[in-house]
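What follows is a single structure, written as structure tokens, with notes after it.
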Amino acid sequence: MTLWLSTGILFVFAAIAFILYRWGNMQCIGVTPVRKFTFIAILFTSGLDVGLIMFPLTEFAGYADLATSPEYGFTNPLSIEFGFWAFLIWAFYFVTCFYFCVIEPRVKFFEIPLIKAINNIVIIGTCAFTAYLLLTNLPWYLPGIGDGESIVGSFYLIVFLAIAVAVYSSTSIRYVRILSLGSSWLFFALIIMMWAGAFLSESSSVGEFFTTFGLLGDYFANLHHFVLPLNDYHEFYLFWWFAWSIMIGQFTSRFVSGMRTYQVLSAMMIFPSIPIAIWFTVLYYYSANSIPTAGFYNLAMVIVGITFVVNSLDSLIRLYTDNLNLTVKRFGKIPYIIGNIALLSGLTLLFKLNFLQIQWVGALAIGLILGCFAYILLKYLRKVADIERSPKENKIDFTKIELMD
């Protein structure tokens, strides 16, 4: 599995270099363009889930335990967390976003029935894993419900309701903008609230925030360490990002609104990384200084985490139902809602029972990416090499999204 993962990673970075060399200044236009701020909000909130909110506080101590994990000794826990979530790995999304915006309309690899089936297995599996992550983290953040360790009935109900809301919102693309912008503003509000709680107290100062934030410079000084997997846990993260990469690229590509290729790469790597860096800095300060978050802060993180889950699931549900023609138009709203809730709830329980693993889903995604490249080499090399623009039927028209169901 490690060799397969490493092959996928090296291919992605080679693809980035070629895309920038061949089409770096080309204008990219999706089928449903939106304004740049909305696009950034969509890619940020669609590409992240509850793990961003809930994982760091449970992971910093493990990254600091060099006796158990000496491979983390080259940098600090904040840089490790940032490296697992931000900057370099967002380049995965750039490759697939560019591909679906510019190349897929010409080659239609993902319309091949077998490929479409495998791709939708990846999407559905990742949907369920997202819900599973929420389920497994709730005991740590809401210890007042249950014993703080076990998953009780109330947690299953919370996850079920999150799935239900996401399925309902996926019935109309008009909810995309509301969910994406709403999730972004809630996340920013959470950052400000917890930043103020940590750095405006009597025992802290604003200067300590910048001192802690400065630790992230070590990430960029050690960027090469994050290219290939450091250990099994980093491998888990990288497979997880691959599992997301195709579907998020497919989803976000439709909203690109005339940015140059190099600007799309910059937007995907830089803009999401800024709030992630600030957020992780705040959380690391809480962790390193043993500042308690129990109670109100934990509840606020759960609320924002659930919002992220709903936003992510909305994007993914919309993708696989469109791909498989399991749409509201075909079946009606009630059967659509009941069917998708039942499917995702059942698969979430399979992850809970360890019957499914996200590494398998990520490995399938790598296979699709490499298979697509081989397909282009065999059948469409000249056609792809001659590409000079986005599909001509794609126009910059910000009213399109308002007219879609």
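Values in this document were obtained by computation on a predicted structure and should not be read as measured data.
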Only counting residues at least two apart or in another chain, list the ones meeting side chain to side chain contact (heavy atoms under 4.5 Å, CB included) with [X].
X: Pro335; value: Phe331
X: Thr321; value: Ile317, Leu326, Tyr336, Asn340
X: Tyr262; value: Leu20, Asn25, Arg260
X: Leu343; value: Ile124, Tyr320, Leu347

For this session: Give the intermediate values and the outcome of side chain to side chain contact (heavy atoms under 4.5 Å, CB included) for residues Thr252 and Tyr93.
Result: CA-CA 9 Å; Thr252 57; Tyr93 290 173; 5.9 Å; no
Problem set entry | Pair Thr96-Gln250, side-chain donor/acceptor within less than 3.5 Å | no
For this session: Ignoring hydrogens and angles, state whether a donor on the side chain of Asn298 or Thr293 is under 3.5 Å from an acceptor on the partner side chain.
Result: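 There is such a pair between these side chains.
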Over 60° means perpendicular and under 30° means parallel, so classify the ring planes of [Y] and [X], tilted if in between.
X: Trp279; Y: Phe187; value: perpendicular
X: Phe82; Y: Phe220; value: tilted
X: Phe199; Y: Trp195; value: tilted

Taking the side chain as every heavy atom from C-beta outward, state whether [X] and [Y] have any pair of such atoms under 4.5 Å apart.
X: Ile306; Y: Ile158; value: yes
X: Leu223; Y: Tyr219; value: yes
X: Thr212; Y: Phe280; value: no
X: Val107; Y: Lys383; value: no
X: Trp244; Y: Phe92; value: no
X: Ser170; Y: Val328; value: no
X: Phe242; Y: Trp4; value: no
X: Leu138; Y: Ile151; value: no

Is it true that a side-chain atom of [X] and a backbone atom of [Y] form a donor plus acceptor pair closer than 3.5 Å?
X: Asp314; Y: Val310; value: no
X: Arg254; Y: Thr32; value: no
X: Ser345; Y: Ala342; value: no
X: Asn76; Y: Ser79; value: yes
X: Ser6; Y: Leu3; value: no
X: Ser69; Y: Tyr72; value: no
X: Tyr286; Y: Met194; value: yes
X: Trp241; Y: Phe84; value: yes
X: Asn289; Y: Tyr285; value: yes
X: Trp90; Y: Trp85; value: yes

Exercise. Looking at CD1 of Ile53 and CG of Leu190, how far apart are the two atoms once the value is rounded to the nearest 0.5 Å?
Worked result: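 Result: 6.0 Å between the selected atoms.
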For this session: Starting at CD1 of Ile246, measure out to CD of Glu104 and round the result to the nearest 0.5 Å.
Result: 10.5 Å
For this session: Flag the pair Tyr380 / Phe109 as yes when their ring centroid distance falls below 6.0 Å, and as no otherwise.
Result: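 No, they do not, as the ring centres are separated by 6.0 Å or more.
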So does [X] have more than 12 non-hydrogen atoms from other groups sitting under 6.0 Å from [atom1]?
X: Lys116; atom1: NZ; result: yes
X: Phe13; atom1: CZ; result: yes
X: Phe110; atom1: CZ; result: yes

Exercise. Would Ser390 and Gln27 satisfy side-chain hydrogen bond (donor to acceptor under 3.5 Å, both in side chains), going step by step from the backbone distance to the final call?
Worked result: CA-CA 7 Å; Ser390 294; Gln27 191 178 43; over 6 Å; no
For this session: Compare every heavy atom of Val122 with every heavy atom of Val361, then report the nearest pair and how far apart it is.
Result: CG1-O, 3.6 Å
For this session: Check Asn323 against Asn119 and note the closest heavy-atom contact, atom names and distance.
Result: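 The answer is ND2-ND2, 4.0 Å.
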Could you pull out every donor-acceptor pair under 3.5 Å between side chains of residues 269-278 and any protein atom, sequence neighbours left out?
{"residue": "Ser273", "atom": "OG", "partner": "Phe87", "partner atom": "N", "Å": "2.9"}
{"residue": "Ser273", "atom": "OG", "partner": "Met269", "partner atom": "O", "Å": "2.6"}

Ring pair (Phe, Tyr, Trp, His ring centres under 6.0 Å) partners for [X], two or more places apart:
X: Phe155; result: none
X: Tyr141; result: none
X: Phe236; result: Tyr233, Trp240

For this session: Kindly state each residue pair satisfying side chain to side chain donor-acceptor pair (under 3.5 Å) with at least one member in residues 357-369, sequence neighbours excluded.
Result: none
Problem set entry | Contact list for residues 1-24, test salt bridge (charged side-chain N to carboxylate O under 4.0 Å, His left out), sequence neighbours left out |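 Salt bridge (charged side-chain N to carboxylate O under 4.0 Å, His left out) check on residues 1-24 returns Arg22-Glu388.
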Problem set entry | Any residue meeting salt bridge (Lys or Arg N to Asp or Glu O under 4.0 Å) with Asp386, in chain and number order, not counting sequence neighbours | Arg382
For this session: Applying side-chain hydrogen bond (donor to acceptor under 3.5 Å, both in side chains), name anything that partners Tyr63, two or more places apart in sequence or on another chain.
Result: Glu59
